[in-house]
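A quick write-up on the structure given underneath.
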Amino acid sequence: MKKLLLIIVLLHLPINGTLADDALYSGEVAVPSQGEADRLEAVPEALIQVLQKVTGQREVPLSETLDEALTNAGNLVLSFRYRNTERMTPDGDISRELRLVAQFMQSEIDDIVRRAGLPRWRQERPAVQLWVVVDDGIKRELKPLEYTYAWQSMEEVAAMRGLPVSWPELDEEEVQLIDMRLVWGGFTDYLVERGAPADGVAIVAV
């Protein structure tokens, strides 16, 4: 049975730790086409995504203010564009997807957050560095390539929530020096020491 160990290191990375306005106030949603009907249907979902980024809430509480904003979501869009993405599937194939990127008006979003009484997540956000070790019953390996689809999904979910993330950049010598058995056992001192000052470390085993 495969087991996964996820070590989350909260790092101070000023360059990557501040979310720019264009990223904070934009939402990205998969759409079947560039048709107006598909765009209008996707805009409310993009708005929810922006509110999640701004507030840091996993779920935006229902309210009259939110209902009104979702009903008029199209009027809050400053600009929009489309982009094509490629993702690896679990079986190794490439999946292509069309996405709508909707940029919302900052003043309008800020007003919705204020009127709905929602919290505000500051834009200076400590980046999260992800160390993922997979135990396949034979060996323990750091971020195996065969799970690229999973790592892409993790990056996308973090981006949709407005959370800066990074992966450890190790050369061959560093990889050889790390004993994955110790990492699996919770020895994280080396992980923190090699990076920037950390706010903390969370270890999740699945």
Side-chain angles (χ1 to χ4, degrees), residues 8 10-90 93-130 148-167:
I8 305 171
L10 304 181
L11 298 174
H12 289 299
L13 297 176
I15 295 177
N16 297 320
T18 299
L19 205 64
D21 286 343
D22 58 347
L24 184 62
Y25 292 93
S26 68
E28 185 172 315
V29 180
V31 290
S33 75
Q34 295 188 20
E36 182 179 10
D38 290 329
R39 172 172 55 83
L40 293 176
E41 184 176 349
V43 165
E45 184 178 345
L47 175 58
I48 288 289
Q49 192 181 119
V50 169
L51 292 174
Q52 289 174 321
K53 288 183 184 181
V54 172
T55 65
Q57 301 293 293
R58 184 179 181 86
E59 294 184 3
V60 182
L62 296 176
S63 66
E64 290 185 9
T65 299
L66 178 61
D67 288 342
E68 178 185 349
L70 293 176
T71 300
N72 300 305
N75 297 326
L76 306 177
V77 175
L78 178 64
S79 62
F80 67 90
R81 61 183 175 85
Y82 295 92
R83 76 181 189 95
N84 292 295
T85 64
E86 292 186 352
R87 294 183 56 187
M88 183 175 291
T89 63
D93 292 335
I94 299 297
S95 171
R96 292 173 176 79
E97 191 173 70
L98 176 66
R99 294 184 182 179
L100 167 72
V101 182
Q103 186 75 34
F104 290 87
M105 291 181 279
Q106 178 176 342
S107 59
E108 296 291 341
I109 298 301
D110 291 344
D111 185 57
I112 293 170
V113 172
R114 179 187 58 79
R115 289 191 291 113
L118 298 172
R120 180 82 190 204
W121 188 10
R122 64 181 186 179
Q123 288 182 247
E124 295 76 21
R125 304 174 183 183
V128 173
Q129 189 171 93
L130 305 175
T148 297
Y149 67 92
W151 318 144
Q152 288 178 339
S153 293
M154 292 172 68
E155 290 174 350
E156 290 184 359
V157 170
M160 286 191 296
R161 294 291 302 281
L163 179 63
V165 297
S166 66
W167 302 94

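In this chain, numbering begins with 1 at the start of the sequence shown.
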### Task
Side-chain contact test, heavy atoms from C-beta onward, threshold under 4.5 Å: evaluate it for Arg39 versus Val31 and give yes or no.
no
### Task
Please round to the nearest 0.5 Å and tell me the distance separating atom OG1 of Thr55 and atom CD1 of Ile112.
11.5 Å
### Closest approach of Ser95 to Thr89 (non-hydrogen atoms, all atoms of both residues)
CB-CG2, 3.7 Å
### Task
Mind checking the CZ-CD spacing from Arg83 to Glu28? Nearest 0.5 Å is all I need.
4.0 Å
### Query
With a cut-off of 6.0 Å (strictly less than), are more than 12 heavy atoms of other residues, nucleotides or ligands near CD of Gln152?
yes
### Query
Hey, what do you get for CD (Gln106) to CG (Leu24), rounding to the nearest 0.5 Å?
7.5 Å
## Note on the structure
Heavy-atom nearest pair, Pro119 first then Gln57, reads CG-NE2, 3.2 Å
### Met154 side chain reached by Leu130 side chain, heavy atoms, under 4.5 Å
yes
#### Entry: Candidate pair Val77 and Phe104, rule side-chain contact (heavy atoms from CB on, under 4.5 Å), full reasoning
CA-CA 4 Å; Val77 175; Phe104 290 87; 3.7 Å; yes
### Message
Whether the Tyr149 and Asp93 side chains hold a donor-acceptor pair (N or O, under 3.5 Å, no angle test) is what I'd like checked.
### Response
no
### Query
Going from CD on Gln52 to CG on Leu47, what distance comes out if it is rounded to the nearest 0.5 angstrom?
10.0 Å
#### Entry: The single option from Thr71, Leu66, Asn72 passing side-chain contact (heavy atoms from CB on, under 4.5 Å) against Glu68
Asn72
### Query
Looking at side-chain heavy atoms only, is the closest gap between Leu163 and Val157 below 4.5 Å?
no
### Task
Test Tyr25 against Leu78 for side-chain contact (heavy atoms from CB on, under 4.5 Å), laying out the working first.
CA-CA 10 Å; Tyr25 292 93; Leu78 178 64; over 6 Å; no
#### Entry: Validation row: Phe80, Val43 side chains within 4.5 angstrom (heavy atoms)
no
### Task
Search all heavy atoms of Ala42 against all heavy atoms of Leu100 and return the closest pair with its distance.
CB-CD2, 4.0 Å
### Message
Nearest 0.5 Å, please: how far is CG in Leu62 from CG in Leu70?
### Response
9.0 Å
### Message
Which heavy atom of Val101 sits nearest to which heavy atom of Ser26, and what is that distance?
### Response
CG1-CB, 4.5 Å
### Task
Looking only at non-hydrogen atoms, find the nearest pair between Val60 and Ile48 and report the distance.
CG2-O, 4.4 Å
### Task
Using modelled atom types only, decide if a donor and an acceptor are shared between the side chain of Lys53 and the backbone of Ala23 within a distance under 3.5 Å.
yes
### Query
Taking the side chain from Arg115 and the backbone from Thr65, do they hold a donor-acceptor pair closer than 3.5 Å?
no
### Task
For the pair Glu86 and Arg96, evaluate side-chain contact (heavy atoms from CB on, under 4.5 Å) and give the outcome as yes or no after the intermediate values.
CA-CA 5 Å; Glu86 292 186 352; Arg96 292 173 176 79; 3.3 Å; yes
### Message
Could you measure the distance from the CD atom of Gln49 to the CZ atom of Arg161? Nearest 0.5 Å is fine.
### Response
10.5 Å
### Minimum side-chain heavy-atom gap Leu98-Gln34 below 4.5 Å
yes
### Message
Test your reading of the model: is there a side-chain donor-acceptor pair from Thr85 to the backbone of Glu97, 3.5 Å cut-off?
### Response
yes
### Message
Testing the basics here: between Arg87 and Ser153, what is the closest heavy-atom pair and its distance to 0.1 Å?
### Response
NH2-OG, 2.6 Å
### Query
Side-chain contact, heavy-atom cut-off 4.5 Å: Asp110 with Arg120?
yes
